[in-house]
Amino acid sequence: MPTRKKLSARSPWVEVATTAGDWEVLDPDLLLQMFARTLWIRSFEEYVLELAAEGLVHGPAHSSIGQEGGAVGSILPLRGDDYVNGSHRGHHQFLAKAFGHVIEPKSGALPEITEDVRTVLRRTLAEICGLADGYCRGRGGSMHLQWSEAGAMGTNAIVGGGVPQAAGFAWNMAHSGTDAVSVTYFGDGAVNIGSVLETFNLAAAWRLPICFFIENNQYAVSTPLAKSTAETRLSGRGLGFNIPSWRVDGMDTLAVHTAMTEAVEHMRAGKGPTIIEADLYRFFHQNGPYPGSAFGYRDKAEEALWRKRDPLVQLREHAVARGLVTQEEADAAAAEIGAVMREIGDGFFEPVAGGKPGERRVVPSLWPDVDFVDVGIRGDLSELDGSRYEEAETFSGELGERRFIDVVSDVMARRMETDERIIVMGEDVDGLKGGTNGATRRPLEVFPGRVLGTPISENAFAGLGLGMALDGRFRPVVEFMYADFMWVAADQIFNQVAKARHMFGGDSKVPFVLRSKLAAGTGYGSQHSMDPAGMLTSAPGLRVVAPSNPFDYVGLMNTALACDDPVVVLEHVDLYSSRGTGPVDDLDYRLPVGKAAVRRHGTDLTVISYLSMVGHCLDALDQVPQVSADLIDLRWLDRASLDWDTITTSVRKTNRVLIAEQGAVGTSYGGWLADEIQRRLFDWLDAPVERVHGAEASPSISKVLERAAIAKTEEVVTALRTLVS
């Protein structure tokens with residue numbers, strides 16, 4: 001007969017509850033802080049809902065009324081150098097952290113609404129209303145609130161999207177000689193999101209000081225928790241990752257404070273991540289000023305039961321019972337914050353001329369200037385001032401024949417030598433003597449502690465890298481083993497990395513480098529062979545480089561690692577084993593952003609290409625010598641960095657264009673480029689722009705079908721001969 005042994009989790013899982021005695025001995029100043037901050041947040045939220053009912057909030061108004069106890073109780077134990085981030089429902093956490101940054105301690109009395117507190121209220125409300133004075137200059141609204149100075153690192157509209165970034169903050173903290181901690185807030189709906197679970201695993205494996213704070217408010221929009229998961233005690237998720245977990249009544253501010261105090265002690269001691277699940281309730285619907293019962297997914301009796309446990313009412317009752325404030329003083333405090341909110345609002349809005357009685361609108365001068373619409377998508381590159389730019393033709397150092405993959409490895413090691421902030425991470429980068437292709441061989445030899453092998457979890461470690469970059473103490477270099485894996489991490493790459501600077505107002509530097517290889521022709525099939533250039537360059541916040549030879553790789557990577565914008569460095573596996581001209585020992589030069597290279601000069605045709613197709617185009621031109629062509633190696637592919645001066649000069653000379661790329665037509669980069677050339681240079685073209693590209697299908701495993709799906713020298717030769725004929 002088989003034997004069975006009962007197993008137990010390695011980490012503790014506890015439920016924390018308070019008693020009447022706990023409230024009686026609670027530090028009076030702490031209780032007053034809890035009451036005041038909760039009152040201020042409640043009044044702020046109620047005023048936001050009033051504005052939403054008037055139509056004065058454009059977009060959602062995700063109120064947190066009812067959930068303030070979780071935010072206030074958990075943030076009070078934090079220090080100024082601790083960070084928080086959150087989800088689309090994050091007003092309460094943002095305000096709680098911001099208040100902590102500006103409140104002046106006052107023993108024996110409620111904290112005062114100082115000018116600094118008024119500023120927090122005004123700028124937060126301005127942001128929610130989309131006004132220029134908001135923390136993100138009106139771009140973030142209700143869902144994207146960031147004030148880095150206060151440690152409020154950004155709320156996020158993608159469910160679970162901000163969780164990996166909080167792990168990046170925690171990594172920086174743990175490796176900067178501090179005992180600071182990171183707290184990421186998310187709801188019950190996010191607990192089943194892959195990026196959240198991936199980050200649980202990564203944080204536990206790396207023992208990061210991060211608290212995963214689950215606001216279990218019982219509903220994901222209208223779907224009750226029991227319909228979403230079989231285990232409704234969501235803190236139980238932590239046991240599978242060996243993360244100590246606490247479950248607590250989120251309507252009990254003191255219980256939350258107790259659990260967070262214990263969790264913070266665990267994290268500051270270097271013991272790794274924690275999970276806190278706060279069981280609480282949003283009094284209103286997912287969005288707007290109506291209760292959930294108005295939409296039929298909750299009933300009024302349920303809502304009434306939860307309202308009896310209102311955290312604000314509890315705090316007020318305890319403060320009065322302890323004799324810390326009188327009923328009249330509590331009423332006066334409520335009246336004061338209400339008056340402050342109305343005063344702030346009166347400065348934002350004015351009567352609509354000829355409108356209905358009481359109808360208001362935003363004072364027009366308070367809106368952001370429409371010319372601000374694209375400002376801050378990327379930086380101004382001033383960080384590159386003083387760069388030493390070189391080209392192979394004028395290079396003063398020693399050149400020699402170099403293997404492409406060797407310069408990939410060598411230049412990264414050189415930059416890690418000169419910049420201690422650079423950290424390399426990705427799957428298998430710390431093994432196989434330099435990863436699957438040898439790209440990290442030299443960094444591993446000289447800086448093994450800064451080459452981090454990750455779990456197979458692109459969402460988690462890409463988002464972690466973004467958090468590292470936003471914090472700024474380190475510069476992450478993230479490697480995706482294959483370009484197709486960008487789609488596994490599409491949220492982090494396209495929704496987070498690409499949008500972060502612009503979304504949070506335009507000032508957030510994002511020094512993030514993503515390396516990835518294109519592997520068409522290697523037999524790895526449909527899910528490992530794509531050229532992502534066309535998709536990547538549709539995201540305005542990304543800069544994209546595509547080196548075609550060893551010399552350029554060094555200069556382009558150096559520029560990418562000095563840039564404060566996110567840069568994707570594409571590498572073709574065909575180039576790794578190739579040899580070409582490269583630097584022998586000088587690895588410190590850069591190539592300028594937005595400068596293409598003309599690899600061959602001619603008069604009949606402008607051929608435009610990038611990566612390994614540049615070499616195929618050179619071979620094809622050798623085979624069709626009757627075509628005299630300029631061959632432009634783009635090097636920089638993104639819209640902002642494209643070298644239109646070089647393209648325009650060539651097209652005005654040749655009057656014909658051929659764009660050559662290897663990848664599939666559906667995700668083509670050349671489709672956009674051809675359209676843009678014809679828009680800009682139509683008067684100089686004697687014929688439509690011609691294109692060489694792969695098939696519609698992704699490359700297959702079969703050698704012959706794979707070859708049929710991609711473009712190489714032969715396809716360019718065919719196009720050239722067609723042009724000749």
Legend entry - Check: D643 side chain, A596 main-chain N or O, donor-acceptor pair, under 3.5 Å: yes

Legend entry - Expected output: side-chain W636 to main-chain P592 donor-acceptor under 3.5 Å: yes

When the side chains of residues 660-670 are checked against the rest of the protein, which donor-acceptor pairs come out under 3.5 Å, sequence neighbours left out?
unit_1	atom_1	unit_2	atom_2	d
E661	OE1	Y610	OH	3.4
E661	OE1	Y669	N	3.0
E661	OE1	G670	N	3.4
E661	OE2	S668	OG	2.5
E661	OE2	G670	N	2.8
Q662	OE1	H572	NE2	2.6
Q662	NE2	A711	O	3.3
S668	OG	G670	N	3.0
S668	OG	G671	N	3.0
S668	OG	R691	NH2	2.5
Y669	OH	L637	O	2.7

Inset, instruction - Supply the atom-to-atom distance S148 OG to D471 CG, rounded to the nearest 0.5 angstrom. - result: 9.0 Å

Inset, instruction - Check whether any side-chain N or O of R415 sits under 3.5 Å from a backbone N or O of N558 as a donor-acceptor pair, and report yes or no. - result: no

Legend entry - Which atom of E706 lies closest to which atom of G521, heavy atoms considered: OE2-N, 3.1 Å

Legend entry - S641 side-chain N/O to V593 backbone N/O, donor-acceptor pair under 3.5 Å: no

Inset, instruction - Assess the side chains of S508 and Q146: does a donor N or O sit below 3.5 Å from an acceptor N or O? - result: yes

Inset, instruction - For this output row, return yes or no: ring centroids of F512 and F474 closer than 6.0 angstrom. - result: no

Legend entry - Within the 6.0 Å centroid threshold, strictly below: Y589 and Y389: no

Legend entry - Passing option when D565 is tested against R543, R378, K509 for salt bridge (Lys or Arg N to Asp or Glu O under 4.0 Å): R543

Inset, instruction - Can you label the angle between the W171 ring and the H175 ring as parallel, tilted or perpendicular, going by 30° and 60°? - result: parallel

Inset, instruction - Check I210 against A170 and note the closest heavy-atom contact, atom names and distance. - result: CB-CB, 4.0 Å

Legend entry - Value rounded to 0.5 Å, distance of CG in D484 from OG in S516: 8.0 Å

Legend entry - side chain to side chain contact (heavy atoms under 4.5 Å, CB included) partner of I608, the single match among I677, V614, D633: I677

Inset, instruction - Would you kindly say whether D406 and S409 are connected by a side-chain donor-acceptor distance under 3.5 Å? - result: no

Legend entry - Any side-chain donor near an acceptor of the partner, D630 and T606, under 3.5 Å: no

Inset, instruction - Measure from NZ or CZ of K517 to the centre of the six-membered ring of Y576 and say whether it is under 6.0 Å with the direction within 45° of the ring axis. - result: no

Inset, instruction - Could you tell me which non-hydrogen atom of G161 sits nearest to which non-hydrogen atom of Q165, and how far apart they are? - result: O-NE2, 3.2 Å

Legend entry - Option passing salt bridge (Lys or Arg N to Asp or Glu O under 4.0 Å) with E391 (candidates R590, K595, R635): R635

Inset, instruction - Would you confirm whether R139, through its side chain, and H502, through its main-chain N or O, come within 3.5 Å as a donor-acceptor pair? - result: yes

Inset, instruction - Measure the spacing between CD1 of I632 and OG of S650 and express it to the nearest 0.5 Å. - result: 4.0 Å

Inset, instruction - Please report the shortest heavy-atom distance between P443 and M416, naming the atom on each side. - result: CB-SD, 3.7 Å

Inset, instruction - Report the C-alpha separation of F480 and F461 in whole Å, then their side-chain angles, then the decisive distance to 0.1 Å, and conclude whether the ring pair (Phe, Tyr, Trp, His ring centres under 6.0 Å) test is met. - result: CA-CA 10 Å; F480 283 176; F461 67 79; 5.8 Å; yes

Legend entry - S526 side chain vs P699 backbone, donor-acceptor pair below 3.5 Å: yes

Inset, instruction - Take T436 and D428 through the side-chain hydrogen bond (donor to acceptor under 3.5 Å, both in side chains) test and state the conclusion after the steps. - result: CA-CA 7 Å; T436 54; D428 293 304; over 6 Å; no

Legend entry - Pair Y553, E571: side-chain N/O donor-acceptor within cut-off below 3.5 Å: yes

Legend entry - Side-chain donor-acceptor pair present, S87, N156, cut-off under 3.5 Å: no

